[in-house]
Amino acid sequence: MKEREPRVATAIPARIRLGDQWLDATIMNVSLHGMMLRMARPPGRGSYIEIRRASTIVVGRVIWAKDGKCGIRAQDRIDISALTGDAPAAPAWKAGDADRRAVQRRSIEESAAASQVWARRFQFAALIVAIVGGGFLILHSLTETFAAAMARVADAL
């Protein structure tokens, strides 16, 4: 199980934009990459929402929703001090800890290169199968031709 990021408990009122409607919510806790909201009717899992508090805007996706609360994974890193005002920032990561999501992500160039390598290997394998299959067809055809010729020679003798 993944280790959770440190969270800062809060009770900050905020405005939520879901599609073309605005809703009231309370930010219950916040971490570097997400937050928990309490609201009358939380949006469904997978919904993209915009959370506004003063001049801070956080865009994220609903990861879970239950009992008037929902968990949000933010698109970008959250500036906790700007969001909470005078509340303390989230506890710092221990030395040597890496951002899990940054480590797991591949760039578009890396994905494209990996796809090209896979495509080359697949093409090579398909070419080998085609050559071997063609060779067997040619061998079969030659065998039948020589068998027919040998049968005519044997009949002639």
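- Side-chain contact between Asp76 and Val59 is absent, with no heavy atoms from C-beta onward closer than 4.5 Å.
- Looking only at side-chain heavy atoms (C-beta outward), Thr26 and Met28 come within less than 4.5 Å of each other.
- A search for side-chain contact (heavy atoms from CB on, under 4.5 Å) contacts involving Ser111 returns Arg106, not counting sequence neighbours.
- Hydrophobic cluster membership for Leu127: Ile131 (Ile, Leu, Val, Met, Phe, Trp, Tyr linked by side-chain heavy atoms under 4.5 Å, directly or transitively).
- Side-chain atoms of Asp79 and Ser81, non-hydrogen and from C-beta on, do get closer than 4.5 Å to each other.
- With sequence neighbours left out, the side-chain contact (heavy atoms from CB on, under 4.5 Å) criterion links Ile138 to Leu142.
- Considering OG of Ser47 and CD1 of Ile16, their distance stands at 12.0 Å, rounded to 0.5 Å.
- Partners of Val132 under the side-chain contact (heavy atoms from CB on, under 4.5 Å) rule, at least two apart in sequence or in another chain, are Ile128, Phe136.
- Sorted by first and then second residue, the side-chain hydrogen bond (donor to acceptor under 3.5 Å, both in side chains) pairs with a member in residues 130-154 read His140-Glu144; sequence neighbours excluded.
- Taken to the nearest 0.5 Å, the CD1 atom of Ile49 stands 5.5 Å off from the SG atom of Cys70.
- Among residue pairs with one or both ends in residues 15-25, those qualifying as side-chain hydrogen bond (donor to acceptor under 3.5 Å, both in side chains) are Arg15-Asp24, Arg17-Glu50; sequence neighbours excluded.
- Pairs of residues two or more places apart, or lying in two chains, never qualify as side-chain hydrogen bond (donor to acceptor under 3.5 Å, both in side chains) while including a residue from residues 55-69.
- Counting only residues at least two apart or on different chains, no side-chain hydrogen bond (donor to acceptor under 3.5 Å, both in side chains) pair has a member in residues 116-138.
- We find the CD1-CG distance between Ile80 and Leu32 to be 4.5 Å, quoted to the nearest 0.5 Å.
- Residues Ile72 and Gly60 share a closest heavy-atom pair of CG2-CA, 3.8 Å.
- Screening residues 33-43 for salt bridge (charged side-chain N to carboxylate O under 4.0 Å, His left out) gives no qualifying pairs among residues at least two apart or on separate chains.
- Residues Pro13 and Arg53 are in side-chain contact: their nearest non-hydrogen atoms beyond the backbone lie under 4.5 Å apart.
- Residue Leu137 shares its hydrophobic cluster (ILVMFWY side chains chained together at separations under 4.5 Å) with no other residue.
- Counting only N and O atoms by type, the side chains of Ser31 and Asn29 include no donor and acceptor under 3.5 Å apart.
- From Leu37, atom CG reaches atom CD1 of Ile27 across 6.0 Å, with rounding to the nearest 0.5 Å.
- Here Leu157 sits in one hydrophobic cluster together with Val153; the rule is ILVMFWY side chains under 4.5 Å apart, joined directly or through other members.
- Interatomic distance, CZ of Arg7 versus CE of Met36, reported as 9.0 Å (0.5 Å rounding).
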